[in-house]
Amino acid sequence: MKDFEYFAPKTPDEALSLLSQYKGEAKIVAGCQSMLVVMRQGLLAPEYVVDIKGVSALDYMTYDEREGLRIGALTTHRTIETSPFIQKHLRVLSEMERNLATIQTRNWGTIGGNLCHGDPAGDPAPILIALDAKLKLKSLSGERIVAMEGFSKDMLEVDLEPDEMLIEIQVPTPRPHTGVAHEKLMVMQGDAGIVGAAVSIALRPGDDVCEDARIVLSNAASIPLRAKEAERCLVGKVINEDLLTEAGKVASKEADPSSDVHASAEYRREMVEVFVKRAAKRALQLAKQS
Ligand SMILES: Cc1cc2nc3c(=O)[nH]c(=O)nc-3n(C[C@H](O)[C@H](O)[C@H](O)COP(=O)(O)OP(=O)(O)OC[C@H]3O[C@@H](n4cnc5c(N)ncnc54)[C@H](O)[C@@H]3O)c2cc1C
């Protein structure tokens with residue numbers, strides 16, 4: 001690994017000043033779990049490393065009915081997994097975290113690092129897209145809020161300027177009668193998903209017509225992929241078993257997976273069909289119960 005100069009700022013502004021001063025030559029590390037791999041593989045060789053793990057102001061979660069949930073970028077996976085509030089109100093996030101890697105990884109890895117790494121196999125992004133989350137990004141020249149959907153641009157590429165930092169993830173309160181579920185295909189508990197599917201379904205009270213559906217796939221394209229045609233199979237209808245099967249089939253056609261040592265593209269496509277149906281079925285049950 002190439003030598004680099006190391007900084008450990010204590011506040012967001014100190015971190016942003018360093019990113020501005022060494023714009024294009026500095027990289028942030030948070031938990032450093034993914035960055036270490038990328039740097040050891042020689043894919044990135046920053047001159048300056050800005051370690052934000054000690055920026056405690058970015059390690060928080062707050063909730064307000066109107067504003068929804070706010071998660072600071074440095075919040076660890078384990079904090080999200082074990083939060084009583086998340087377990088009660090956004091259970092899908094806590095369930096997803098429980099299946100993400102090992103407890104050691106979850107204890108140190110951050111939600112912000114996970115999203116900014118831009119791995120299409122990442123588990124949080126599809127759920128946050130299904131929940132219509134937004135991201136607050138900041139540089140010395142100002143702030144911007146972007147949708148989680150669209151933040152990933154390509155494999156390991158996200159919509160971040162070199163002097164910008166992810167500050168916060170903003171998750172709106174799901175509307176009533178909404179169910180959200182996540183399913184991923186793992187060879188062993190905690191493995192990265194061969195494929196995954198996050199599904200959100202909102203029902204009209206009274207007649208259970210599907211008013212809104214979001215279906216988002218992981219590891220089925222170079223970015224977390226919204227299967228919009230599959231969503232259209234469900235919206236405006238009373239969802240039954242046949243429609244769930246249809247949505248799975250359509251999503252598998254929309255997927256654009258690659259082959260690698262873990263699975264062929266063809267197998268991934270077949271599993272998208274299975275896992276979309278499974279997640280949609282559970283989301284539907286949850287929507288009916290809520
Ligand atoms: C063994 C192992 C198994 C794993 N399994 C899974 C899995 O099953 N599912 C899954 O989703 N993930 C998995 N991960 C990923 C892990 O959960 C972490 O989320 C991930 O490593 C990134 O978090 P980090 O805090 O270490 O980020 P880092 O490695 O420090 O940073 C990653 C990237 O994000 C950038 N970055 C970090 N924070 C910010 C910020 N606030 N603003 C701007 N840029 C930022 C960095 O510059 C870098 O480009 C696994 C990791 C390991 C090591």
Side-chain angles (χ1 to χ4, degrees), residues 4 6-9 11-12 15-16 18-19 22 24-41 43-46 48-60 71-81 93 95-128 135-139 143-144 146 151-153 155-169 182-196 198 216 218-219 224 262:
F4 52 81
Y6 175 85
F7 296 98
T11 66
L16 291 174
L18 288 162
L19 291 180
Y22 301 115
E25 295 175 298
K27 273 299 271 182
I28 286 182
V29 299
C32 205
Q33 293 178 336
S34 298
M35 261 303 274
L36 192 63
V37 177
V38 167
M39 286 168 72
R40 287 187 73 169
Q41 288 174 340
L43 296 172
L44 277 178
Y48 305 96
V49 165
V50 180
D51 180 352
I52 59 169
K53 191 72 176 171
V55 180
S56 54
L58 297 182
D59 182 3
Y60 61 87
I71 309 175
L74 272 183
T75 308
T76 63
H77 297 294
R78 182 74 176 149
T79 301
I80 297 170
E81 175 194 355
L93 281 177
E95 285 174 0
M96 171 275 292
E97 293 289 10
R98 205 168 49 239
N99 284 323
L100 186 154
T102 57
I103 197 162
Q104 293 88 340
T105 302
R106 299 199 293 278
N107 264 333
W108 198 250
T110 66
I111 183 80
N114 187 295
L115 300 178
C116 293
H117 184 50
D119 183 346
D123 296 314
I127 297 176
L128 292 171
L135 305 178
K136 188 202 277 187
L137 311 177
K138 195 170 177 187
S139 70
E143 265 181 27
R144 62 188 177 117
V146 300
F151 183 60
S152 291
K153 294 294 173 200
M155 171 93 67
L156 306 187
E157 265 186 53
V158 294
D159 178 18
L160 259 183
E161 295 298 325
D163 59 345
E164 265 181 333
M165 198 160 80
L166 171 62
I167 300 291
E168 180 179 89
I169 297 111
H182 175 247
E183 297 278 348
K184 75 169 173 173
L185 172 59
M186 299 172 275
V187 177
M188 285 196 310
Q189 172 73 24
D191 272 357
I194 304 274
V195 291
V216 193
S218 57
N219 226 358
H262 304 291

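Note that this is a predicted model, so its numbers are computed, not measured. Numbering of ligands and ligand atoms starts at 1, following listing order.
At least one heavy atom of Ile52 sits under 4.0 Å from some atom of ligand 1. Residue contact check for ligand 1: Lys184 places a non-hydrogen atom closer than 4.0 Å to it. The shortest heavy-atom distance from Leu58 to ligand 1 is not under 4.0 Å. Residue-ligand proximity: Ala125 is placed with every non-hydrogen atom at 4.0 Å or more from ligand 1.
Asp123 N, 2.8 Å is the protein heavy atom nearest to atom 11 (O) of ligand 1. Atom 48 (C) of ligand 1 has Met35 CG, 3.3 Å as its closest protein atom, hydrogens excluded (heavy atom only). If you check which protein heavy atom lies closest to atom 19 (O) of ligand 1, you get His77 NE2, 2.8 Å.
In summary, the atoms of ligand 1 found under 4.0 Å from a heavy atom of Pro124, numbered by their order in the structure, are 11 (O). Distances below 4.0 Å separate heavy atoms of Lys27 from the following atoms of ligand 1: 47 (O), 49 (O). Proximity to His117 (heavy-atom distance under 4.0 Å) selects the following atoms of ligand 1: 32 (C), 33 (C), 34 (O). In summary, the atoms of ligand 1 found under 4.0 Å from a heavy atom of Gly122, numbered by their order in the structure, are 11 (O).
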Which pairs of donor and acceptor atoms, one on a side chain in residues 187-194, lie under 3.5 Å apart (sequence neighbours left out)?
unit_1: Gln189; atom_1: NE2; unit_2: Asn99; atom_2: OD1; d: 2.6
unit_1: Asp191; atom_1: OD2; unit_2: Met188; atom_2: N; d: 3.0

